[in-house]
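Below is one structure; the comments refer to it alone.
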Amino acid sequence: MPSLPKTDETFTTMDQKSRKLLERKQNIAQQRKALPIASVEKRLVEEVKNNDVLIIVGETGSGKTTQLPQFLFNAGLCHDGKVIGITQPRRVAAVSVAKRVAEECGVELGQRVGYSIRFDDVTSNLTRIKYMTDGLLLREALLDPFLSKYCVIIVDEAHERTVHTDVLLGLLKTVQSARSQYVNKELDHEKRSLYKSGNSDRENRLKACQGTKLPPLKLIIMSASLDASVFSKYLGGAKAVHVQGRQYPVDVLYTYHAEPDYLDAALITIFQVHLEEGPGDILVFLTGQEEIEFVERRIKERANQLPEENRKLVIVPIYSSLPSERQMKVFKPAPLGFRKVILATNIAETSVTIPGIKFVIDPGLVKARSYNPVTGVESLIIIPTSKAQALQRSGRAGREGTGKCFRLYPESEFAKLVDSTVPEIKRCNLSNVVLQLKALGIDDILGFDFMEKPSRMAIVRSLEQLFLLGALTEDYKLSDPVGYQMSRLPLDPIYSKALILAGEYQCVEEMLIVVAMLSVESIFYIPNDKLDEARAARKCFSSPEGDHITMINVYRASKEVMEKIQVTNSQDKAAEKSINKWCRDNFINKRSLKHARDIHSQILGHIQQMGLSVTSCGDDMLQFRRCLAASFFLNVALKQPDGTYRAMASAQIVRVHPSSVLFRTKPECIIFNELVRTNQIYVRNLTRIEPLWLPELAPQGAGVLVAERWSGVEQGGDDYTDVKGPNEYGSSISGWPSRSSSPVCFPVYGLCEDGLCLSWLGDDSPPT
DNA sequence: GAGCACTGC
């Protein structure tokens with residue numbers, strides 16, 4: 001390099017730099033070579049070449065996620081400019097693996113190796129190995145139904161069975177069979193209907209593909225579960241290969257008897273390990289924040305009763321709602337001579353890998369979400385883990401050496417656990433899934449080849465809801481334009497509809513803020529030790545009309561602060577500091593606020609693309625509330641004499657959640673966004689509305705559908721007959737409060753002689 | 001006057 005100054009100093013630093021770089025390179029090469037998967041590279045590439053579908057069972061530490069895409073690239077699978085796509089259930093995984101692989105390849109991230117996740121796309125035309133979240137690939141499929149830029153798709157961590165993974169697998173099966181044929185005008189009608197037109201982007205893609213033959217799509221499913229047969233069976237008897245992992249043996253110990261108090265048993269075990277075992281950190285799996293805080297207090301109490309030399313414990317909690325600075329503490333090694341005790345939720349099962357763990361304590365329980373499609377109630381319940389989960393947890397003790405896992409239940413109980421966790425698709429609201437499939441041109445949802453089919457009831461309910469929202473036509477086809485527009489928005493369908501409707505009410509700006517804020521976790525952060533201060537801070541934003549307008553106030557206030565900072569402060573760091581301070585002073589969760597701002601800007605882009613102008617109702621919040629009523633007409637609740645509410649769509653008794661600004665006011669009629677069961681059934685995120693708006697604003701079709709379906713069930717003649725008769729299917733109707741049981745007046749979407757109507761039940765006149 | 005595992009577009 002003749003242009004460089006030839007001083008000794010320069011030479012030394014250059015030397016050192018390049019030596020370090022070389023060392024790092026050699027180091028990486030060595031690490032790669034040592035991976036169990038390295039020895040089977042040739043065979044794996046052959047298997048991929050010979051099989052269109054391949055299942056790879058790889059234990060943790062096998063290196064499959066980082067190495068396989070490189071093997072395939074080096075074997076020339078991308079020679080025609082096509083891309084290898086690897087999906088991950090989590091964003092962090094997609095990013096960190098992509099970074100690692102880019103380094104291993106010695107390329108800049110975003111060039112040959114890149115990643116794409118929501119709000120963050122680090123890819124280019126040159127990208128051939130692309131890591132992404134599974135949800136993002138599903139979105140891509142809406143624009144490019146043949147996934148034409150990919151030659152291989154690797155679905156990683158398939159055993160986790162997230163909704164996205166499950167839907168993706170079903171879709172990929174369809175795409176693969178479509179890709180194996182010519183995409184041209186001769187494509188017969190039946191095949192064409194798989195990818196029904198109606199959306200101009202997609203039509204363009206299809207046109208671009210016409211007359212060209214797409215190469216077959218290779219599909220690789222990677223799973224850590226030992227049982228590959230479920231995947232193999234689903235994918236037409238696909239071949240499965242096993243890649244060894246690099247995991248040290250973990251000694252699993254059980255209790256002799258069932259423990260009546262698992263928290264106490266956990267405490268005893270923690271101290272037993274601490275006092276009797278050699279060095280190594282302890283990871284304890286608990287179900288939630290409350291348990292973690294309780295156990296933390298108890299450990300400290302007990303440790304204080306021990307002799308000084310035995311008190312050397314560092315306790316670190318970790319759960320998702322903990323601010324990230326505090327989450328990071330789990331990675332800090334304990335001071336010399338100290339033992340770290342990590343109290344974790346499920347977050348430490350897969351999402352976060354903590355080094356130094358030698359002991360795992362597993363009470364065998366997990367907090368799981370369940371969803372009742374009939375009542376629409378979501379609840380969080382504590383249930384036993386599955387066998388697969390128990391294995392995953394014990395494996396956390398064997399990452400760096402041999403370990404021990406203490407299961408706080410007898411061995412006989414382990415045998416009774418279910419093999420694997422119930423896939424998420426069987427316990428969630430399906431409206432979004434159904435809408436996505438419809439948008440992909442898959443019309444027969446009940447007949448769709450799900451890996452594990454959700455209950456018929458759950459599907460029918462979602463179809464019904466989408467129809468009521470106007471996303472589906474009377475024959476259950478995606479409606480144009482509303483259905484198409486809704487499917488394009490990355491939001492809960494009911495929020496997408498609210499946004500579209502806001503166009504008619506001239507309050508798009510307001511609704512956009514609200515749907516963004518409703519899409520994130522609670523925006524208010526209320527620490528236990530500063531309750532009064534937090535409440536006082538929230539009061540500054542509170543609106544007497546309810547939580548939605550309160551959210552708008554918070555969002556606008558934060559925006560104002562940010563704009564002010566940008567004017568006075570050019571430095572990013574200083575700006576961030578100020579906004580952090582504002583969040584702290586106002587007890588706002590800054591992570592949630594940031595997330596809401598990201599969603600806001602993404603959705604804004606979408607609606608501008610759709611040609612929806614961003615109108616504002618200014619100070620006319622009446623208009624905005626009417627729009628809320630028109631959007632969330634299914635979520636109406638009316639006050640009863642005793643101060644509780646009755647949710648109209650399911651006739652359930654509900655209470656206002658204490659976090660609502662309307663907790664004390666208790667207006668006569670409210671709309672709400674969430675129905676959650678904990679100790680009670682609560683409604684959250686409410687706004688006061690006038691009951692008389694409903695007959696005017698609720699869609700005419702609402703009850704006609706319900707009535708028709710109901711009579712269909714009675715006749716036993718239509719498509720949905722396997723639903724068990726009117727009592728179950730029609731419970732939302734037969735469960736309406738009757739005149740005798742409730743003296744209050746209710747507006748209901750009832751059954752009339754000529755179909756459905758919104759009528760008043762109870763008194764003859766509406767309440768005043 | 002309550003309390004919320006974890007992801008994702």
Side-chain angles (χ1 to χ4, degrees), chain A residues 87-94 116-121 132-143 157 160-168 285-294 318-322 344-352 365-370 378-383 385 389 392 421 423-425 427-428 432-433 435-436 439 486-493 495-496 515-516 519-522 524-528 531 535 589 592 595 598-599 602-603 605-606 643 655-664 666 674 676-684:
Chain A
T87 70
Q88 295 289 330
R90 280 171 293 281
R91 294 161 54 94
V92 270
S116 189
I117 58 178
R118 188 185 189 182
F119 311 130
D120 194 7
D121 179 12
M132 64 195 129
T133 46
D134 43 18
L136 195 107
L137 185 62
L138 270 179
R139 284 279 155 193
E140 267 188 25
L142 285 179
L143 304 174
E157 312 287 6
E160 287 192 25
R161 304 292 304 277
T162 67
V163 188
H164 288 155
T165 302
D166 270 26
V167 176
L168 195 58
F285 283 100
L286 298 168
T287 65
Q289 180 181 347
E290 208 182 347
E291 272 185 20
I292 288 174
E293 285 170 353
F294 173 80
I318 181 165
Y319 45 89
S320 85
S321 58
L322 200 69
T345 60
N346 254 6
I347 195 170
E349 215 174 89
T350 46
S351 310
V352 173
L365 297 169
V366 63
K367 199 178 278 187
R369 169 191 284 168
S370 75
E378 202 173 75
S379 30
L380 284 158
I381 43 171
I382 295 175
I383 56 164
T385 62
Q389 251 177 318
Q392 175 74 28
T421 314
E424 196 187 354
I425 201 163
R427 36 186 185 97
C428 73
N432 222 341
V433 169
L435 185 63
Q436 294 300 302
M486 282 173 65
S487 72
R488 291 295 296 281
L489 293 170
L491 287 171
D492 191 323
Y495 298 156
S496 303
V515 297
S519 300
V520 302
E521 272 180 46
S522 175
F524 290 105
Y525 171 68
I526 302 179
N528 266 331
L531 277 178
R535 265 180 225 139
N589 182 332
S592 301
H595 195 189
D598 284 341
I599 295 175
Q602 188 190 32
I603 306 295
H606 273 105
R655 287 179 166 72
V656 171
H657 196 275
S659 64
S660 170
V661 295
L662 295 182
F663 180 70
R664 283 171 203 282
K666 295 207 165 55
E674 262 184 282
V676 195
R677 185 174 58 134
T678 49
N679 288 330
Q680 311 255 9
I681 301 179
Y682 289 103
V683 284
R684 271 197 309 204

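Below, read A as the first sequence line, B as the second, and so on, with proteins coming before strands; counting in each chain starts at 1.
As judged by a 4.0 angstrom heavy-atom cut-off over every strand, L489(A) is placed among residues making no nucleic acid contact.
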Worksheet item: C428(A) and V163(A): side-chain contact (heavy atoms from CB on, under 4.5 Å), yes or no, with the steps?
Response: CA-CA 9 Å; C428(A) 73; V163(A) 188; 3.9 Å; yes
Worksheet item: What string of B, S and - do you get for nucleotides 2-7 of chain B, 5' to 3', if B is base contact, S is sugar-phosphate-only contact and - is no contact with any protein heavy atom under 4.0 Å?
Response: BBBBBS
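Distance CD/Q392(A) to OG1/T421(A): 10.0 Å, rounded to 0.5 Å.
Partners of R655(A) by salt bridge (Lys or Arg N to Asp or Glu O under 4.0 Å), not counting sequence neighbours: none found. Partners of L365(A) by side-chain contact (heavy atoms from CB on, under 4.5 Å), not counting sequence neighbours, listed by chain and number: Y262(A), T287(A), I382(A).
With rounding to whole Å, I603(A) atom CD1 is found 12 Å from dC9(B) atom P. One interatomic measurement links the two molecules: CD1 of I117(A) to P of dG8(B), which rounds to 8 Å at whole-angstrom precision.
Counted within 6.0 Å of CZ on R139(A), heavy atoms from surrounding residues, nucleotides or ligands total more than 12; the atom is thus considered enclosed.
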